[in-house]
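Below you'll find the structure, written out as structure tokens, and then a few comments.
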Amino acid sequence: MTGMDPRRVNRWAAVVGVLSALVALAVAEAVTAVMVLPASSPLFAVGSFVIDIVPGWFKTAVIAVFGTNDKLALLAVLALVVVAVAAIVGWLQLRRAPWGVVLLVAVGAFATLSASTRADASGFWAFPSLIGTLAGVFVLRAAIGRLRAWAEVSISPVSVATGSAAGPARGSAARAALTRRRFFIMFGATAAGALVVGLGARAINAGTAAVNAVREALTLPKATIAEVAIPAGARLDIPGISPLITANADFYRIDTALQVPVIDASSWKLKIFGEVENAFEIGFAELLALPMTERTVTLMCVSNEVGGNLVGTATWLGYPIRELLKKANPRAGADMVLSRSQDGFSASTPLSALLEEDRAALLAVGMNGLPLPLEHGFPVRMVVPGLYGYVSATKWVVELEVTRFAGHAAYWTQRGWSDHGPVKTSSRIDVPASGVRVQAGTVAVAGVAWAQHVGIDRVEVRIDGGPWQPTRLADPISVDTWRQWVYQWDAQTGNHVIEVRATDAAGTTQSERRVPVIPNGSEGWHSITVSVA
Ligand SMILES: Nc1nc2c(c(=O)[nH]1)N[C@H]1C(S)=C(S)[C@@H](COP(=O)(O)O)O[C@H]1N2
Ligand SMILES: [Mo]
């Protein structure tokens, strides 16, 4: 390895620029895949942005030339622009550092802005471009550093400087070979990694986008048995209180899925089998053709700490699991239904709870008027009022096996959680937030309380360990939903502790003793501290 032609160094710098763009895009695709938001990927966001800003006559001209391949043409042009700009980024970083980084960050900022200003964007849409840009900058700086090390050793006439003959020249050749090798190892490993991650993530995102398109085109049937209209008195108008119905986007999400299962509804099937007389399968279209029931139900996670937010209420549309089980006709002795999801999660639900005539255990397809969001189980999940999610609410459900508790366990029950998971009566203070400062005078202390399938009877609060005070309860939707409550507190100056406790319709009052979430749910009174000025 002797003297290195500066033009060759420039070419490699340009290639390094392209490598950093590749890394940025691959990482962005991966983040997009993890977030299950295919449209937030930078190439598509920028592409959509371009479509929005080009003038109509230009669009018409492009369509005239490329016909239905217009989108492909746009993406090809974008790719060319990316390669060209990336080459400049690499060259700038080598010859005019840090301007390469500056240009890359500027392009990244543009992509971030394009993604986060899409009509349907949420704050999350900025993440793929942001994190991708950071990764690109990291690789750009590291790889240009190695290129520089290689070029410097190869160009500088070490033998002349030291004045000695063959020895140092050989040493310099060896150093040149080493720095060259180090550059190519880094380059090769990074390029290969980016290709694998990028293409893999792109495939996942394409699959997600396809299923999203199907989901969005889906019209759910109307419920035959509709939820009774939500009573006007069920909502208290208090700023900061949990909304009576949790929006899908705000609904807590708990699952073991690293990658949200993406299921093509048309090939979805539910198998009902095990200790039954009549095992059978049902497909999505068949399910939608059955008379649907609508129910507003509060769902909750056993891992919810006292005062936590792993709880939400939605209006679910689905078919009663009871009817499917009746058709399958369980044999005597069976006492559990082991439901399994596409991704290997399982839950053990008491057969009796699923068969109860007045418990709306649903095979749900709709959530708050829309097909289930992918994260919440599209196309079909279970919802069973009164039981924690881990023993009842299987998302992406594909199997119901009728079996027995004796000798069979489910995903979490194999890991130390209780076989049975009835929801414990709980209450939470939403406002004021703990630790805040409020003005002396009348302060609304408010929140929610729930005792699914039993119902809430009363909620009380007490200040600084004083006597329990009744709160005003909003009207119930049903025993399966939480109830808002409020207490108008005459707040006096100083620091105060406020506690809440609920009593359910069976007469059981929440106990003060704190119990950890494992094995069957937290217990204890939620308390907050506020300072009154
Ligand atoms: N397939 C699958 N379904 C699942 C889980 C899971 O990990 N995988 N978690 C369960 C748990 S523990 C809870 S609390 C609920 C949460 O449902 P959500 O994410 O729609 O709020 O889903 C249940 N269903
Ligand atoms: Mo859970």
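Positions are given from 1 along the sequence. These values consider heavy atoms only, across backbone and side chains, with no hydrogens, waters or symmetry-generated copies. For ligands, and for the atoms within them, numbers begin at 1 and follow the listed sequence.
- Atom 21 (O) of ligand 1 has as its closest protein heavy atom Y252 O, 2.7 Å.
- Remark: the backbone N or O of V391 is not paired with any side-chain donor or acceptor of W412 at under 3.5 angstrom.
- No option in T471, V448, D475, I238 other than V448 meets the side chain to side chain contact (heavy atoms under 4.5 Å, CB included) test with Q484.
- Each of the following atoms of ligand 1 lies closer than 4.0 Å to a heavy atom of S341: 1 (N).
- Using a 4.0 Å cut-off to heavy atoms of F251, the atoms of ligand 1 that qualify are 21 (O).
- Distances between N or O atoms of H376 and those of ligand 1 include at least one value under 3.5 Å.
- Remark: side-chain polar atoms of T413 are not paired, donor with acceptor, to backbone N or O of A409 under 3.5 angstrom.
- Heavy atoms only, all atoms of each residue included: D480 and Q452 are closest at O-CG, 3.5 Å.
- The option with the heavy atom closest to atom 11 (C) of ligand 1, from among G389, S392, P261, G344, is G389.
- Looking at T298, T481, T246 one by one, the single match for side chain to side chain donor-acceptor pair (under 3.5 Å) with T313 turns out to be T298.
- Using cut-offs of 30° and 60° for the angle between ring planes, the W316 and F251 rings count as perpendicular.
- When only interatomic distances are considered, the shortest N/O to N/O separation between K395 and ligand 1 falls below 3.5 Å.
- Of the possible donor and acceptor atoms, none in the side chain of D504 sits under 3.5 Å from a partner among the backbone N and O of I456.
- Set against the non-hydrogen atoms of T394, the atoms of ligand 1 under 4.0 Å away are 3 (N), 24 (N).
- Residue T256 has at least one heavy-atom neighbour below 4.0 Å for each of these atoms of ligand 1: 6 (C), 7 (O).
- Backbone and side-chain nitrogen or oxygen atoms of L299 are examined, and none is located within less than 3.5 angstrom of a nitrogen or oxygen of ligand 1.
- Taking a cut-off of under 4.0 Å to the non-hydrogen atoms of Y390, the atoms of ligand 1 that pass are 11 (C), 12 (S).
- Within the structure, the side-chain hydrogen bond (donor to acceptor under 3.5 Å, both in side chains) test picks out the following pairs touching residues 366-381 (sequence neighbours left out): N248-N368.
- The N/O atoms of W396, backbone and side chain alike, include none that comes under 3.5 Å of an N/O atom in ligand 1.
- The protein heavy-atom contact nearest to atom 9 (N) of ligand 1 is I254 O, 3.2 Å.
- Within the 4.0 Å heavy-atom cutoff, M382 does not count among the residues contacting ligand 1.
- Only side-chain heavy atoms of R381 come within less than 4.0 Å of ligand 1; its backbone N, CA, C and O stay farther off.
- Which parts of ligand 1 touch C301 is read off a 4.0 Å heavy-atom cut-off, strictly below it: atoms 14 (S).
- Classification of R322 and E356 as a salt-bridged pair fails, no side-chain N sitting under 4.0 Å from a carboxylate O.
- The closest protein non-hydrogen atom to atom 4 (C) of ligand 1 is F345 CE2, 3.5 Å.
- In this view, Y411 and F345 satisfy the ring-ring contact (aromatic ring centres under 6.0 Å, His included) rule, not counting sequence neighbours.
- Shown in contact with D343 at under 4.0 Å from a heavy atom are these atoms of ligand 1, numbered in order with element: 1 (N).
- At a 3.5 angstrom cut-off on N or O pairs, A393 counts as close to ligand 1.
- Taking the ring axis of W468 as reference, the NZ or CZ atom of R501 stays within 45° of it and closer than 6.0 Å to the ring centre.
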